[in-house]
Every structure is written in structure tokens, then in C-alpha cells.
Amino acid sequence: MHQNKWQELEEKLFLRTFSRIPLTLVRGQGARVWDDSGKEYLDFVGGWAVNCLGHCPPVVVEALEKQARTLIQTSNQFYTIPQIELAQLLVQHSCLDRVFLCNSGTEANEGAVKLARRYGKLYLGGAYEVITAENSFHGRTMSMTAATGQSKFQEPYTPLPGGFVSVKYDDAEAIRTATTERTCAVMLEPIQGEGGVNVPHETYLEEVAQWCREKSILFMLDEIQTGVGRTGSLFAYEQCRVEPDIMTLAKGLASGVPIGAFLAKEKYSLFSAGEHGSTFGGNPLTCAAAYATMRYMIDNDIPGQVNRVGKYFTGELERLQQQFTGIDDVRGRGLLLAMEFSEEVAQEVVMACLDKGLLLNKLRPNIVRFIPPLIITEKDVDEAIGILEQVLTERSEEAS
Ligand SMILES: *Cc1c(COP(=O)(O)O)cnc(C)c1O
């Protein structure tokens, strides 16, 4: 595809960390975005599961405008109202009691692991190890790279910080076996997002939570991707009959304004003043966006809509799986879905859909992920499925 001047400049200016698609986006509204030539796309990437209320949702834009004119940043040396209102909303609508606000998912996980280390030092004789899962994704700092159970992210940076043990996902026995006197916590995604949209067995989290309780180690859930309505409930744990001791959030929480949060049960409120902190974390501007997002999500039962539209979408993807050869699996929950192909065709499928006005995410060479805004309707799904079906039809015609 022809590269425009922005893409040429990008090639010159940036460290080469992203394999971008040759598309320069300039505007968004709802589930639609427009490129620099004015072409419209239906966006089923959603800023990587971030734009939960769609692009530029009016309630969030209004909250940002108002807050930007009022107060943007003060430092946490002072009390500010938007962060308190946000924390109140998060506590009211989750099983957790206390909140720490930061600026990204990785940072939320870092803080959660620091809290687990405090717990280990105070109550478990200095236990410090956190058990995480293979194919997990917890972020990009050195520690979260160590926590992430994927060697491709780790090998370029060894030696990594210690204190993480990686075990098979969806295998409670593996966690029981890996638990030692050094273990202070288990940290899992309720559904692995980046690792392939891997949905564990129905009882997995329950079994792990039970084990953690028995051993008095912390049960931590990374809900950075699954939280904030994505899987059809406000938080994914609600569908798994468990309550995490600590939960991390980020992605969808503030509709695209950078934010992270970790929440803890009252009895794990173990930091004292100065033991953790953040310059930007909890600033009024970010918190106004997050509050507006969460308020809208709750008041309009967006998780209920996700549940309904997600089931419809899954059914339609399964129909395509029946209809075409070479589709091995359709999986996920709510609007965190994936289609796995038997061959490495994800890039071609993504590019062909792009051409027809649908944005999709290549998760692996053979996996396409669907993480659209949570406000999409059945009609948007029909449009996306129509394009995908057309692309798959053309591919199968070419093959025969
Ligand atoms: C995206 C993601 C992260 C990292 O979040 P950043 O905001 O990119 O730092 C961590 N955990 C999970 C499950 C994620 O999906």
C-alpha cells in the first residue's frame, strides 16, 4: 500500500517498536473512524479495547472540557474531588474497598505486585514470589516483562527481575504445585487477552481462589483488558464466582485518557504514607474522564448490552466457522472475541477487511481479535460480519 507523508515521517522519527498498518487516522465518532483521505471505517480495534464508549463519547468530551477549564493537575499533596468521586464509584460497584490511581495498566500491575510484597513481608515471613501464567500479558516494564509468561517478550531483556514463577494457564493443580513458602500471591487474567483470548474452564478461577484462601496468599486479578464491561459484566470476576483480593484496571476505564488503577480489599490496605505514589496518578482531568465513563457505563447498563451483542456476534462468527474451511476456533466472551485460523492468514484477512472499511486486530499470525467499542449494536455486527464474510468468500474462491 502507498505510504503517505505521515507514514514516511513516522519511519524516520520513532524507535521501531510498532508494526503499524498503513493507515493514518484523523477523526473518530462512535464506532467509526476516518483516515486522512476522508475514508470511513468501522472500528473493531477500539484503541486496543480502550474506546469502550466509542470515539469521542459526548459525556466524556463534556467532562474533559469542563474539567480542563477548572483544574488539571495538583499533585497528590492535596485533596481533589474528581478522584474521590471516581474511587467512590469503583468501590460501590466492585467487591473491593480501596483504590490507588496511576497512569497505565503496567503501572497498576507494578503497584499491585508491590502491595503483594508488602503483604508477604508483613504476614508471610518475607514471601515475595508471585505465580503468573504462561501466555499471560501484564505489561512492559522490566518487572511486568518478568511477570508476563511469554519468552518472546523476555528474551531480549534478560536478566529480568526475579520473584515471578510461570505456570500453565487454566491448570489449578500447576498453581498448587508451584506454591512454596516463598509465594505471596497468584496473579491471573480472568480471560487471557493478548495471549490469545484464552477462556479458562468454568471452575478454574474458583479453584485457584480457594487455594489462595487456604494458603493465605493473595488472589490477584489483572482485569486491565477484561474489566469495565468488556466481557458482559462490569468486571469479569463477577461471572466466575470469585472475589479478588486485589484487582487491576486500565484500558477502558477513562475512554482513552491514560489511566490505571489497582483496588484492594480493606484488609490488604497495607501501604503506609510514602511507600507508593505517582505524580500524575489520580489527576482531576483523568479522573473526570474515568468518572464520566464509568457513570455512563453503569447508568446505561452497557455490560448488559455487551452480553447481548457479544452473544449475537459470537453466533455470527460461529456461522462463518461452519461456512468456511480453515477456521479452527471462535472463542471469547462479551466483546473480547477471537477467530483462529488453521494457517497464518491473519494479516491478509486484516488487510482485506481494512480495504473494505473494517478495522480488525491481528493478535497472532493465525488469530484475529475483535475488541470493538462496547456501544456497538447488532447492526454494526452485521456490517462487520458482512465484510468478513465477503473477504473469506473471496479467499476461498481464489483458493479453488
Ligand atoms: C494491556 C494490558 C496490560 C498493559 O497495560 P498498558 O496500559 O499497556 O501498560 C496489562 N495487562 C493486561 C491484561 C492488558 O491487556
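When a ligand or atom number is given, it counts from 1 through the structure's own listing order.
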#### Entry: Distance filter under 4.0 Å to Gln225 heavy atoms, resulting ligand 1 atoms
15 (O)

### Single hit among Glu238, Arg333, Gln239 for side-chain hydrogen bond (donor to acceptor under 3.5 Å, both in side chains) with Thr231
Gln239

### Query
So, is Ala250 polar-close to ligand 1, with some N/O to N/O distance under 3.5 Å?
no

### Query
Backbone, side chain, both or neither: what part of Glu194 comes under 4.0 angstrom of ligand 1, heavy atoms only?
neither

### Query
Does any N or O atom in Glu189 lie less than 3.5 angstrom from one in ligand 1, N or O only?
no

### Message
Taking side-chain hydrogen bond (donor to acceptor under 3.5 Å, both in side chains) as the criterion, tell me which of Thr74, Asn283, Asn76 meets it with Gln83.
### Response
Asn76

### Task
Over 60° means perpendicular and under 30° means parallel, so classify the ring planes of Phe100 and His276, tilted if in between.
tilted

### Message
Below 3.5 Å, N or O to N or O, backbone or side chain included: is there any such pair between His138 and ligand 1?
### Response
no

### Task
Step through the shown structure and confirm whether more than 12 heavy atoms of other residues, nucleotides or ligands are within 6.0 Å of CZ on Phe271.
yes

### Task
Determine which pairs satisfy side-chain hydrogen bond (donor to acceptor under 3.5 Å, both in side chains) with at least one residue from residues 45-60, sequence neighbours left out, and list them in order.
Asp43-His55

### Message
Show me which atoms of ligand 1 lie under 4.0 Å from any heavy atom of Phe137.
### Response
2 (C), 3 (C), 4 (C), 10 (C), 11 (N), 12 (C), 13 (C), 14 (C)

### Task
Identify the protein heavy atom lying closest to atom 1 (C) of ligand 1, giving its residue, its atom name and the separation to 0.1 Å.
Lys251 NZ, 1.5 Å

### Query
Just heavy atoms, cut-off under 4.0 Å: does Thr106 contact ligand 1 by side chain, backbone, both, or neither?
both

### Message
Other residues, nucleotides and ligands only: do more than 12 of their heavy atoms fall within 6.0 Å of CD on Gln92?
### Response
yes

### Task
Can you sort out which atoms of ligand 1 are near Gly105, meaning under 4.0 Å from one of its heavy atoms?
5 (O), 6 (P), 7 (O), 9 (O)

### Task
Could you see which bit of Asn109 sits under 4.0 Å from ligand 1, with heavy atoms only: side chain, backbone, both or neither?
side chain

### Query
Which ligand 1 atoms are under 4.0 Å away from a heavy-atom of Ser104?
7 (O), 9 (O)

## Note on the structure
Those residues at least two apart in sequence (or on a different chain) that pass side-chain contact (heavy atoms from CB on, under 4.5 Å) with Thr393 are Phe324, Glu389, Glu397

### Summary
Near Asp222 (heavy-atom distance under 4.0 Å), the atoms of ligand 1 are 10 (C), 11 (N), 12 (C), 13 (C)

### Query
Below 4.0 angstrom, N of the basic side chain to O of the carboxylate: do Arg176 and Glu207 qualify?
yes

